[in-house]
Each structure stands twice: as C-alpha cells, then as structure tokens.
Amino acid sequence: MRTGTGLTEKNLRQLLNEWDPIGVADEAPDEYDCMLAPLLGRIGRGADQAEIAAFLRTELVEHFGLTPSPSEPEAVATRLMALKAEGA
C-alpha cells in the first residue's frame, strides 16, 4: 500500500489552492476550505467527474461570483478524480 497518496483534506486543499480561481491562495490559504467537506462527501458517495465539475462550477458562480471558462471546472474535476484514483 502506498502511503501519502489518494484524496485527503490536505491534498485536496493543495489542489484547490493551485487552481486558485480568485487569485488569493498566497494570502488566504484557507479561502477554498468551504469546498473541502462538500467535495470529500461527494467523492465518498461515489460522485463521478461530471458531478464534481458541476459542483465546482456552481460554487464559482454562486459562492465566488465568477464566470468560469467551460473547461475550468472540468479540468479541476479531472485532477481531483486522478488524485482519488491514486488511493484506490
């Protein structure tokens, strides 16, 4: 078994901060923590990439007031699913 791989709160936070859709992760590394529990819950329930991307898009629009490009949430969902697969 590999140690330190897969989806954890820590590496999910890192992924969201690398994405940093509003450009504040350097000053506020907990800015996206509001998405941690919902994302981990969805993944735990077996959500697919499309559901994760839809959640991310909704958060960007409704919570952060952004208009993401069509591929932006999908790209992050792809990375998230790959991270999850590392721990499978």
Side-chain angles (χ1 to χ4, degrees):
M1 181 175 180
R2 296 177 291 174
T3 305
T5 61
L7 188 60
T8 65
E9 185 176 296
K10 181 181 176 181
N11 59 23
L12 178 54
R13 181 180 291 116
Q14 181 179 351
L15 184 148
L16 293 172
N17 284 339
E18 287 173 6
W19 176 31
D20 196 15
I22 60 175
V24 299
D26 288 340
E27 295 83 28
D30 62 348
E31 180 65 26
Y32 307 111
D33 282 6
C34 60
M35 292 192 278
L36 294 176
L39 283 168
L40 290 169
R42 281 171 173 76
I43 293 295
R45 290 191 313 272
D48 63 10
Q49 186 171 323
E51 183 180 338
I52 298 299
F55 169 77
L56 293 171
R57 178 173 303 287
T58 299
E59 281 296 294
L60 289 180
V61 171
E62 294 180 7
H63 181 82
F64 293 104
L66 301 175
T67 304
S69 69
S71 62
E72 193 175 350
E74 287 78 6
V76 175
T78 298
R79 289 182 61 200
L80 196 153
M81 297 306 280
L83 190 60
K84 177 190 173 229
E86 287 180 14

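The analysis underlying the following values was restricted to heavy atoms, covering all of them including side chains, and did not include hydrogens, waters or symmetry mates. Along the sequence shown, the residues carry numbers beginning at 1.
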Hey, does [Y] have a side-chain heavy atom less than 4.5 Å from the side chain of [X]?
| X | Y | value |
| --- | --- | --- |
| Leu7 | Leu39 | no |
| Gln49 | Lys84 | no |
| Val61 | Thr67 | no |

Shortest non-hydrogen contact between [X] and [Y], atoms and distance:
| X | Y | answer |
| --- | --- | --- |
| Pro73 | Ala53 | CB-O, 3.5 Å |
| Glu27 | Gly23 | OE1-O, 4.1 Å |
| Asn17 | Pro29 | ND2-O, 3.0 Å |
| Leu80 | Leu15 | N-CD1, 3.9 Å |

Establish whether Ile52 and Leu66 are linked, either directly or via other cluster members, by ILVMFWY side-chain heavy-atom contacts under 4.5 Å.
->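 Yes; Leu66 is reachable from Ile52 via cluster members.
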Could you please spell out the steps behind the side-chain contact (heavy atoms from CB on, under 4.5 Å) verdict for Glu72 and Arg57?
-> CA-CA 8 Å; Glu72 193 175 350; Arg57 178 173 303 287; over 6 Å; no
With sequence neighbours left out, which residue pairs that include part of residues 20-69 fulfil the ring-ring contact (aromatic ring centres under 6.0 Å, His included) condition?
->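 Qualifying pairs: Tyr32-Phe64.
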Rounded distance [0.5 Å steps], CD in Glu86 versus CG in Leu83 =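 Answer for the CD-CG pair, Glu86 versus Leu83, is 5.5 Å.
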Under the salt bridge (charged side-chain N to carboxylate O under 4.0 Å, His left out) test, residues paired with Arg13 that sit two or more places apart |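 Salt bridge (charged side-chain N to carboxylate O under 4.0 Å, His left out) check on Arg13 returns Glu9, Asp33.
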